[in-house]
Student: 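One structure, pasted below without further comment.
Proteins come first, then strands; the chains are lettered A, B, ... in the order of their sequence lines, and each starts at number 1.
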Amino acid sequence: MSGHSTYTPSNGFTRWIDERLPIIRLSYDSFVAYPTPRNLNYWWTFGGILSMMLAVQLITGIVLVMHYTPNTAMAFASVEHIMRDVNWGWLLRYMHANGASMFFIAVYIHILRGMYYGSYKAPREILWILGVVIFLLMMATAFMGYVLPWGQMSFWGATVITNLFSAIPVIGDPIVIWLWGGFSVDNPTLNRFFSLHYLLPFVIAAVVALHVWALHVVGQNNPAGVEVKSEQDTVAFTPYATLKDAFGMAVFLVFFAWFLFYTPNYMGHPDNYIPANPMVTPAHIVPEWYFLPFYAILRSVPDKLGGVIAMFGSIAVLFVLPWLDTSKVKSGRYRPLFKQFFWLLVIAGLGLGYLGSQPAEGGYVIASRILTAWYFFHFLVILPVLGLIEKPKPVPESITADVLAKNAAH
Amino acid sequence: MATMDTAEPSRRDFLYIATGAVAAVGAASAVWPFIDQMNPDASALALASTEVDVSAVAPGQIITVKWRGKPVFIRNRTPDEMKALAAMDVKSLKDPQSDADRVKKGHENLLVVVGVCTHLGCVPLGNAGDHHGWFCPCHGSHYDASGRIHAGPAPLNLPVPPYEFISDKVVKIG
């Protein structure tokens with residue numbers, strides 16, 4: 001928390017607390033007086049939206065566990081019991097299932113915002129890396145949560161994903177048996193996934209705390225990509241950012257509610273309403289939509305180990321992004337070439353998502369190979385080279401100058 | 001440590017390192033039960049064998065039995081299939097292995113393989129694919145009637161589980 005605390009306890013009781021545990025002071029400095037850049041746009045409300053979604057998933061998850069049974073003989077039936085018998089069970093389960101999708105929509109927007117405005121650049125490298133860690137934890141949590149209803153997609157998704165580890169030479173097979181707790185995905189697997197699915201959201205919450213801590217040490221980036229230079233460049237978190245975030249959350253909740261109440265199964269797979277059968281694989285296995293681009297990368301490589309390396313590599317590359325981008329200019333607004341490549345990457349990602357949902361044959365495979373190659377080319381070649389050859393547009397002198405120039409134009 | 005400008009290690013350094021080493025060994029051995037509890041337990045290991053009566057499997061038929069939670073295919077190959085397999089060039093395969101090495105002597109027509117695709121663990125479909133053996137619907141691997149991989153991302157043949165004929169009719173898998 002940069003700068004001095006401006007908190008003054010208003011009465012004897014809060015002063016008594018402040019001298020013993022300055023928790024009100026910490027909250028005040030972090031979420032009331034905290035200076036935020038005055039030019040933040042709505043893309044900056046997704047941090048708040050994500051915190052809200054984490055809370056939604058935690059609360060709905062904790063109450064769902066009051067009715068769910070993590071046993072292969074009863075899991076599927078207990079989920080149907082939640083849907084049919086438990087008071088408001090349908091609502092809570094649909095909130096949790098669609099909430100996972102909403103969480104990923106918000107996190108993808110949040111990550112892309114960071115990429116476009118160069119939010120990963122110095123001094124925000126650790127902030128960015130913590131974000132990638134949260135993203136990985138979210139993927140692990142979502143994957144294990146999807147196994148719990150013990151439908152056909154749950155079972156075969158668990159089988160395919162755990163088998164990824166069998167690609168590791170020599171120790172691959174013992175690792176897979178260790179992960180399963182048996183010789184196939186079975187009751188021990190379901191039990192441990194349940195345990196970890198309950199644990200990981202709290203780990204996410206802890207890493208979010210570190211993420212916010214790092215954010216408050218270095219301060220927020222902003223659309224102009226220039227650092228805060230004077231008090232003039234900022235406004236107080238409350239009411240300005242608080243209300244803007246609240247409005248963003250409300251709009252996002254409308255979007256969430258539309259899926260929740262009008263098409264709650266749109267983002268799921270009908271096969272998961274068939275109880276798990278270890279003897280029969282569904283004809284067309286696809287992961288949940290938020291994993292599709294990575295699934296397409298996995299399938300685009302014709303070698304088992306190579307595919308697994310490419311898939312994990314596609315996320316690993318994000319960890320070193322701060323050092324791959326050589327440009328001194330943060331915001332994509334002032335980088336005419338970067339801006340175009342950024343949108344090409346977005347299109348490649350969406351394309352990979354589509355291809356991941358299609359069967360792995362013919363033209364689909366060729367297209368996923370091209371887009372996979374492009375994905376890595378973007379990070380490993382384009383970004384380092386672009387910083388050296390691109391001529392950026394002039395960057396505003398300060399955040400205030402940026403805001404004034406924009407208003408003068410009207 | 002500004003005061004430690006001497007290069008000579010002292011007895012105190014030795015004590016620190018020795019204490020640290022003992023603590024590390026203690027911590028590592030305490031971790032092991034927490035890791036090993038995830039391995040297959042006694043009840044999972046106890047279910048490790050299955051007996052099957054194979055006398056009713058007609059030529060051309062594939063039956064699926066469950067062994068250690070996984071499907072095992074038992075296929076009674078027809079004379080035509082055996083002829084086609086014998087004519088194949090084994091050396092050109094991704095995982096070269098002759099059909100004779102994958103069956104028991106005296107029961108050459110009977111193939112016993114684990115019905116789990118060696119790519120990512122799906123159950124392949126019988127009598128399907130380019131080689132009329134098995135076809136995996138997940139990522140498109142083609143196996144022949146000996147369960148050997150011909151095309152697709154799977155790296156290995158369908159594995160033959162350990163099994164024996166305990167009589168002319170009954171096979172014990174595992």
Student: Under 4.5 Å between any side-chain heavy atoms of Val280(A) and Val123(B), yes or no?
Tutor: no
Student: Going from NZ on Lys70(B) to CG on Asp186(A), what distance comes out if it is rounded to the nearest 0.5 angstrom?
Tutor: 11.5 Å
Student: Check this for me: Lys169(B), atom NZ, are more than 12 non-hydrogen atoms of other residues, nucleotides or ligands nearer than 6.0 Å?
Tutor: no
Student: Of the non-hydrogen atoms in Pro282(A) and Pro137(B), which two are nearest, and what is the gap between them?
Tutor: O-CG, 4.3 Å
Student: Would you mind checking which part of Ile175(A) comes under 4.5 Å of any heavy atom in chain B, side chain (CB onward), backbone (N, CA, C, O), both or neither?
Tutor: neither
Student: Between Pro278(A) and chain B, which part of the residue has a heavy atom less than 4.5 Å away: side chain, backbone, both or neither?
Tutor: both
Student: For Ile177(A), is it the side chain, the backbone, both or neither that has a heavy atom under 4.5 Å from a heavy atom of chain B?
Tutor: both
Student: Closest heavy-atom contact between Ile285(A) and Cys122(B)?
Tutor: CD1-SG, 3.8 Å
Student: Roughly how far, to the nearest 0.5 Å, is NE2 of His119(B) from CG of Asn163(A)?
Tutor: 9.5 Å
Student: Restricting to non-hydrogen atoms, name the atom on Gly181(A) and the atom on Ala44(B) that form the minimum distance, rounded to 0.1 Å.
Tutor: O-CB, 4.4 Å
Student: Quick check against the 3.5 Å criterion: does Lys304(A) have a side-chain atom that pairs as donor or acceptor with the backbone of Thr118(B)?
Tutor: yes
Student: Tell me, do Leu45(B) and Phe183(A) make a side-chain contact under 4.5 Å, heavy atoms counted?
Tutor: yes
Student: Is atom CZ of Phe376(A) surrounded by more than 12 heavy atoms (other residues, nucleotides or ligands) closer than 6.0 Å?
Tutor: yes
Student: How long is the straight-line distance from CG of Leu120(B) back to CG of Leu298(A), given to the nearest 0.5 Å?
Tutor: 6.0 Å
Student: Within the 4.5 Å heavy-atom criterion, are Leu125(B) and Thr281(A) side-chain neighbours or not?
Tutor: no
Student: Walk me through it: do Trp178(A) and Asp36(B) pass the test side chain to side chain contact (heavy atoms under 4.5 Å, CB included)?
Tutor: CA-CA 8 Å; Trp178(A) 177 71; Asp36(B) 192 39; 5.9 Å; no
Student: Any chance you could measure Met38(B), atom CE, to Arg192(A), atom CZ, to the nearest 0.5 Å?
Tutor: 4.0 Å
Student: With a 4.5 angstrom heavy-atom cut-off, could you sort out which part of Tyr295(A) is near chain B: side chain, backbone, both or neither?
Tutor: side chain
